[in-house]
Amino acid sequence: MRLRSVRLDEVELPLVEPFETSFGVENARRFLLVRAEAKDGTVGWGECTASVDPLYSSESVATARWMISERLTPLLFRLRDPTPEAFSRAADRFRGNRMAKAAVETALQDLSARVEGRSLSRALGGVRGRVPVGVSVGIQPSAMKTVARVGRYLEAGYGRIKLKVRPGWDARPVGAVRREYPDIEIWVDANQAYPLAAAKRIRAWAERYEVAQVEQPFAERAIRAHAELARGASFRVCLDESVVDSSSLEDALAAGAVTSLNVKVARVGGLGTGYALARRAARDRVPSWVGGMLESGVGRAHNVALASTAPFVLPADLSASDRYYREDLTDPPFVLGPESTLEVPSGPGIGVEVVERVLRKHRVSSRTFRP
Ligand code: OSB
Ligand code: MG
């Protein structure tokens, strides 16, 4: 396969409602899209989930734009056969910048599956036609509003609820949801917001309200703190930000710091690495699930394809398009199916198409690169 062009679009898509985490509020998502076109006209799409400010990780829209424009695209054009694997291997010499790398790698994954005329799920070895999903609920103005929000998601059919928490916003909302819904599966995610000394208190409310999983309460590098929390706990300790590559996963496994693994395609630099990490975790009987970053239909489709592979056994943070956006970039939109699942598209590549009309409406800039 030879490439004809790479286009880098910047898009701003309004969210249906603000999404608040321990590190900030988002009202709209501003992100990059990579459009890779082969000589024969076949097109593959990838999404970059870095946000305007480096709050979730050190990458931002601006750093990813520079990385993709000035380093990754030139590197890609120098490859004789630009497969996703060849690209990842070559891009490895640049440190970090995994969200930028993932945007390019996923575009090549879509493109190469389309060239081969098969779905991305099939290309990755997917074993499921529907993937179990849940919903991630942002920090709300009050515990009452949290309960109401959760109620609406349960009514819509979501089977597990992840509540965003932070110091001062944990036992109260979690307890309120548990009292209203005694039987639902509750996960929480703190995005590194707690000091190491908070372990005892986290354990107390998580066990009291039968939380099934506590995600990334401590800092990215705090492997020992996560291991301490996991020891003897009735809930799983999930790592998100801490695991970015195989060595960080090895250290976390050896320390007993990870009893559930959130795999985000963007955080680990692409689908290839994401799949490998989940396989490695499964060898130690650590279950994996696909995490989300409020992706548009493009990134969501990549995530759904990954979630269809064997090592992903827990429900993903992948909700229907209408939970995020009034008008998604892709067609058809993702809709919630029976038993809290999303259907895995079976068409070529990611199996959904970018609607150029919607893209143009929300696009703020566009730049095309040629070999
Ligand atoms: O930590 O999982 C996270 C969104 C932005 C940044 C970090 C996270 C999230 C989510 C969103 O939880 C989940 C989704 O896309 O549905
Ligand atoms: Mg998380």
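Remember, it's 1-based here, ligands and their atoms both numbered in the order they're listed. No experiment lies behind these values; they were computed from the predicted model shown. Residues: numbered from 1 along the sequence shown.
We find that Arg89 and Glu85 are not joined by a salt bridge, their nearest charged nitrogen and carboxylate oxygen being 4.0 Å or further apart. Using a 4.0 Å cut-off between charged nitrogen and carboxylate oxygen, Arg267 and Glu241 do not count as a salt-bridge pair. One finds a salt bridge joining Arg98 and Asp245 here, because a Lys/Arg side-chain nitrogen approaches an Asp/Glu carboxylate oxygen to under 4.0 Å. A salt bridge does not link Arg224 to Asp251: none of the charged nitrogens lies less than 4.0 Å from a carboxylate oxygen.
Note on the Mg ion (ligand 2): protein N, O or S atoms under 2.8 Å away count 3, no waters included.
Checked against side-chain hydrogen bond (donor to acceptor under 3.5 Å, both in side chains), Ser321 has the following partners two or more places apart in sequence or in another chain: Asp328.
Residue pairs meeting the ring pair (Phe, Tyr, Trp, His ring centres under 6.0 Å) criterion with at least one member in residues 318-359: none, sequence neighbours excluded.
The aromatic rings of Trp187 and Trp289 stand perpendicular to each other, their planes meeting at an angle above 60°, with 30° marking the opposite boundary.
Between the side chain of Gln216 and the backbone N or O of Asp240, at least one donor-acceptor pair lies under 3.5 Å.
Judged by the 6.0 Å and 45° rule, Arg149 forms a cation-pi pair with Tyr153.
Closer than 4.0 angstrom to ligand 1 lie heavy atoms from Phe19, Phe23, Tyr56, Ser136, Lys162, Lys164, Asp189, Asn191, Glu215, Asp240, Lys264, Gly292, Met293, Leu294, Asp317, Tyr324.
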